[in-house]
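Each chain gets a letter, A, B and so on, in the order its sequence line appears, and its residues count up from 1. Hydrogens, waters and symmetry mates are skipped; everything else that's a heavy atom, side chains included, is used. All values reported here derive from a predicted model rather than from experimental measurement.
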Protein chains: 2
Amino acid sequence: MTSASVQNYLKAIYQLQENSETVTTTALAQHLDISAASATNMIKKLARLKLVRHSPYHGVELTTAGEKMALEVLRHHRLIELFLAEALDVPWELVHAEAEKIEHVISEDLEDRIANFLGDPERDPHGDPIPTKAGTVERPEYQSLLDVGAGQSAVIQRVSDQNPEHLKHFSKLGLIPDATVDVLSREPFDGPLRVRVASGREHTLDETLARAIWVTPTVEKKAYRAKSKSHV
Amino acid sequence: MTSASVQNYLKAIYQLQENSETVTTTALAQHLDISAASATNMIKKLARLKLVRHSPYHGVELTTAGEKMALEVLRHHRLIELFLAEALDVPWELVHAEAEKIEHVISEDLEDRIANFLGDPERDPHGDPIPTKAGTVERPEYQSLLDVGAGQSAVIQRVSDQNPEHLKHFSKLGLIPDATVDVLSREPFDGPLRVRVASGREHTLDETLARAIWVTPTVEKKAYRAKSKSHV
DNA sequence: TAAAAAATTTAGCCGCGACTAAATTTAGTT
DNA sequence: AACTAAATTTAGTCGCGGCTAAATTTTTTA
Ligand SMILES: [Mn+2]
Ligand SMILES: [Mn+2]
Ligand SMILES: [Mn+2]
Ligand SMILES: [Mn+2]
């Protein structure tokens, strides 16, 4: 019923809302790689459809109906990602691009069958929560690996799926959801991060990479370096 | 690269060519449920792209390039049908509609993974041959169940996937590829057909249904009714 | 073989979702 | 507070793939 374009806009607005309260035309345009004028155009259409509230020159916000639609698309997307990974061994840096297209064309019946096949999963391969059929979704507050102090260890909860090259790199290093990492040291001024993974291997992550990994800290292993939060 | 519309037109032309040498604008329009004017429009575009030869007022024909593209789409379609049936138990009357959409959005890599998962299959769930990656396809000459004489038996090779209600009915009766049917009797003037399936159950099929089932005849089981081809 | 019917193409239109260039509004700076 | 820069919207255009109505060509029928 609603076009793939409308679905992509709603999904983008939802994802931008996760970071900042209100979503600007420019942010939306950049996220979707289109011109600002095109974004304005679609925003006006979405407002007509009562899927967003538009405060001209100030930003856009999903209505309840708009958020529900966004979550439906997001559910499709993440179920498909996991399904491709599980059923066909598609590597996790490729599932996003495939899901971006397939999410718009599957029936509700197929969605249900995929969810059932996967045992009603709660996370996609990157650790992102899968919205429920009812239209709810978890919003766990993770910490960026960047903000973990030296000497602390943490469990990876999710990894940004935006950059396939980064994903490929992360899986090579063992930086995947549920893996434990020890932060060894941190260069000043947001410099690179030295980490050790469960296998014992040590790796250096620059700021951009570390920012794409979200974790929950575990209890500190070693006491000889107690300074953590205030450090750096 | 090429749009879903172009792909659907090419596929439609290919399938119409299987029955009649040349494909008319009207036949194409009916097949795709669009106006004749729209069909003409797209035909001219396809001709510009060298995917068809158009003889105005007389019909259209795929070029080698057009046929290759049609077969690529058809390969996607049939692999997806079989994959949905095998991996997710989607009933065979539903796989066609899903595949009709998904066929346009999967990558070549995903196509390869699906083919590999299925063990490079040769037939889709309805018995239709799956084109190879190289762009070739079998064109077996089956006989309609309608043309099998009383007393003969036959092995079902394929069943038309055009009508979901018919498919549902066929699977209920056990009329699926590789099943053996005995034709018991045939009413005159293309009247209904009485058949027995392997389970021993007997069913009556009207002309439309019988025409949708394609078979290869087997050796005759019983000699007391030797008249076969000339009978009816 | 001429007239009628059917098939096909042409002409003109529309909604969608993109674009650029120009106008407008808002935010930042001195 | 005025000026400037940045963000946003408006205006106008385009290609795509549909549509209807009218013109044209082919086929059928009388
Ligand atoms: Mn998408
Ligand atoms: Mn993901
Ligand atoms: Mn299709
Ligand atoms: Mn089929």
Side-chain angles (χ1 to χ4, degrees), chain A residues 1-17 19-62 66 69-70 73 100-101 103-105, chain B residues 1-17 19-62 66 69-70 73 100-101 103-105:
Chain A
M1 201 84 287
T2 80
S3 69
S5 283
V6 166
Q7 293 179 0
N8 282 334
Y9 273 92
L10 293 174
K11 190 154 60 85
I13 296 169
Y14 180 90
Q15 287 172 328
L16 291 167
Q17 273 188 354
N19 300 325
S20 52
E21 268 315 301
T22 178
V23 174
T24 67
T25 302
T26 308
L28 187 53
Q30 277 172 1
H31 191 91
L32 292 172
D33 196 28
I34 54 170
S35 72
S38 298
T40 300
N41 217 43
M42 179 59 91
I43 286 171
K44 292 173 78 176
K45 177 186 178 160
L46 295 177
R48 264 201 315 278
L49 295 172
K50 308 274 194 195
L51 297 172
V52 302
R53 272 178 297 278
H54 184 209
S55 157
Y57 290 99
H58 290 288
V60 71
E61 200 183 2
L62 290 175
M69 272 197 194
V73 183
E100 200 60 52
K101 311 266 220 65
E103 65 187 0
H104 308 293
V105 300
Chain B
M1 201 83 289
T2 79
S3 69
S5 283
V6 165
Q7 293 181 359
N8 282 334
Y9 273 92
L10 292 175
K11 189 152 61 85
I13 296 170
Y14 180 89
Q15 287 172 327
L16 290 167
Q17 273 187 356
N19 300 323
S20 52
E21 267 316 299
T22 179
V23 174
T24 66
T25 300
T26 307
L28 187 53
Q30 277 172 0
H31 191 90
L32 292 171
D33 196 27
I34 54 170
S35 72
S38 297
T40 299
N41 217 43
M42 179 60 88
I43 285 171
K44 291 172 79 175
K45 177 186 179 160
L46 296 176
R48 263 200 315 278
L49 295 172
K50 308 274 193 194
L51 297 171
V52 303
R53 271 179 297 278
H54 184 209
S55 157
Y57 290 101
H58 286 86
V60 72
E61 200 183 3
L62 291 175
M69 274 199 193
V73 183
E100 201 60 53
K101 311 265 219 64
E103 65 187 0
H104 307 293
V105 300

Check your understanding: Can you check the R48(B) CZ to dC16(D) C1' distance for me, whole Å?
Key -> 11 Å
Review point. Does the side chain of L10(A) reach to within under 4.5 Å of the side chain of L62(A), using non-hydrogen atoms?
Key: yes
Check your understanding: Nearest of dT10(C), dT20(C), dA18(C) to any side-chain atom of S35(A)?
Key -> dT20(C)
Exercise for review: Answer yes or no: does a side-chain N or O of K45(B) lie under 4.0 Å from OP1 or OP2 of dG17(D)?
Suggested key: yes
Exercise for review: Return the 5'-most residue of the pair A37(B), A4(A) with respect to DNA chain C, ranking by each residue's nearest nucleotide.
Suggested key: A37(B)
Exercise for review: Ignoring backbone atoms, establish whether H54(B) has a side-chain N or O less than 4.0 Å from OP1 or OP2 of dT9(C).
Suggested key: yes
Practice item. Return no unless some side-chain N or O of S38(B) is found under 4.0 Å from OP1 or OP2 of dC19(D). Key: yes
Check your understanding: When the distance from CG of L46(A) to P of dA18(C) is rounded to whole Å, what number comes out?
Key -> 11 Å
Check your understanding: Of all the nucleotides listed (dT10(C), dG17(C), dT26(D)), which has the minimum atom distance to the side chain of K44(B)?
Key -> dT10(C)
Review point. What is the nucleic acid contact for S5(B), judged by heavy atoms within less than 4.0 Å: base, sugar-phosphate only, or nothing?
Key: sugar-phosphate
Exercise for review: Indicate whether OP1 or OP2 belonging to dA18(C) is found under 4.0 Å from a side-chain N or O atom of Y9(A).
Suggested key: yes
Check your understanding: Counting only side-chain N and O atoms of T40(A), is one of them less than 4.0 Å from OP1 or OP2 of dT9(D)?
Key -> yes
Point to revise | Pairwise side-chain contact, T22(B) with Q17(B), heavy-atom cut-off 4.5 Å (strictly under) | key: no
Check your understanding: Under 3.5 Å, is there a donor-acceptor pair between the side chain of H58(A) and the main chain of H54(A)?
Key -> no
Point to revise | Selection from dG18(D), dA18(C), dA21(D) that lies nearest to any side-chain heavy atom of N41(B) | key: dG18(D)
**Study point:** Within-4.5 Å side-chain heavy-atom neighbours: M42(A) and I34(A)
**Key:** no
**Study point:** Nearest-nucleotide pick for S3(B), side chain only, options being dC16(C), dG17(D), dA27(C)
**Key:** dG17(D)
Check your understanding: Just how far, in rounded Å, is P of dC16(C) from CG of N8(A)?
Key -> 17 Å
Check your understanding: Once you round it to whole Å, what is the distance between P of dT9(D) and NE2 of H58(A)?
Key -> 10 Å
Exercise for review: Whole angstrom is fine here: how far is it from CG in L28(A) over to P in dG17(C)?
Suggested key: 14 Å
Practice item. Return the value, rounded to whole Å, for the distance between atom CG of L32(B) and atom P of dG18(D). Key: 8 Å
Review point. Rounded to whole angstroms, how far apart are CD1 on I34(B) and C1' on dC16(D)?
Key: 13 Å
Exercise for review: Flag the pair M69(B) / Q7(B) as yes when at least one side-chain heavy-atom distance between them is below 4.5 Å, and no otherwise.
Suggested key: no
Point to revise | Minimum-distance nucleotide to Y57(B) side chain [options: dT9(C), dG17(C), dT9(D)] | key: dT9(C)
Exercise for review: Would you mind reading off the distance between I43(A) atom CD1 and dA7(D) atom C1', rounded to a whole angstrom?
Suggested key: 12 Å
